[in-house]
Amino acid sequence: MITHETQFRVPYGDVDRMGFFYHSHYVELFDMGRTELMRSIGLSNAEIEAGGVMLPVLKVEVEYRNPAYYDDLLTVRTTLREMPGVRIKFDYEVLRENGERITTGAVTLAFMHAGTKSACRPPKVLLERLAPFFV
């Protein structure tokens, strides 16, 4: 299992008329968390794509517990619990600065050959970088 934390401060332009961090932006936070987890193992999404593999989203789950507000410092905790196969699932927790969990979720993606649009195994380099976390 591997977990990575990324911080994000809610900008004024991302709150709705109620003063809440707009609901769809949480999915963007999830993407940010996944991207930073991948960078933490030395592999960017751009490198995976350059190798001819795309990662389309298959499923997004979000549970809103409490709202975030303008200027809140949020921590996005991203966890990969299993080695990927044809699919890869990331779990997320969004925490307020005081540690309060405000949102949880998960995103499942598939590995796909860019040219043929068919399912494929994860790139070997990704499996090698993840292997130490799943011993």
Fill in: Partner set under ring pair (Phe, Tyr, Trp, His ring centres under 6.0 Å) for Phe90, not counting sequence neighbours
none
Discussion item. Suppose we screen for ring pair (Phe, Tyr, Trp, His ring centres under 6.0 Å). Which residues come up paired with Tyr22, at least two apart in sequence or across chains?
Written reply: His25
Could you work out, with side-chain contact (heavy atoms from CB on, under 4.5 Å) as the rule, every residue matching [X], not counting sequence neighbours?
X	result
His113	Thr116, Ser118, Cys120
Val27	Val60, Val62
Glu49	Met54

[X] [atom1] to [Y] [atom2] distance, which is reported to the nearest 0.5 Å:
X	Y	atom1	atom2	answer
Ile88	Met83	CD1	CE	9.0 Å
Phe30	Thr35	CZ	OG1	13.5 Å
Leu37	Thr79	CG	OG1	8.0 Å

Discussion item. I need the full list of salt bridge (charged side-chain N to carboxylate O under 4.0 Å, His left out) pairs touching residues 107-121, with sequence neighbours left out, sorted by first then second residue.
Written reply: none
Fill in: Pairs meeting criterion salt bridge (charged side-chain N to carboxylate O under 4.0 Å, His left out) with involvement of residues 97-113, two or more places apart
Glu93-Arg101, Arg96-Glu100
Fill in: Residue among Asp91, Val94, Thr6, Leu95 satisfying side chain to side chain contact (heavy atoms under 4.5 Å, CB included) with Arg77
Leu95
Worksheet item: When Ile, Leu, Val, Met, Phe, Trp and Tyr are grouped by side-chain heavy atoms lying under 4.5 Å apart, directly or through other members, which residues fall in the same group as Met18?
Response: Phe20, Tyr69
Flag side-chain contact, heavy atom, 4.5 Å: [X] against [Y]:
X	Y	result
Ile48	Val125	no
Asn45	Arg34	yes
Met32	Leu29	yes
Ile102	Asp72	no

Worksheet item: Under a 4.5 Å side-chain heavy-atom rule over Ile, Leu, Val, Met, Phe, Trp and Tyr, are Leu58 and Tyr26 clustered together?
Response: no
Worksheet item: Is it the case that one hydrophobic cluster holds both Leu55 and Val86, taking links as side-chain heavy atoms less than 4.5 Å apart, direct or via other members?
Response: no
Check side chain to side chain donor-acceptor pair (under 3.5 Å) between [X] and all other residues, then give those that pass, not counting sequence neighbours.
X	answer
Thr104	none
Ser44	Glu47
Arg129	none
Arg39	Glu36

Discussion item. Any side-chain to backbone donor/acceptor pair from Arg9 onto Asp71? Under 3.5 Å, distance only.
Written reply: yes
Item to complete: Quick one: sort the Phe21 and Phe8 rings into parallel, tilted or perpendicular, breaks at 30° and 60°.
Response: tilted
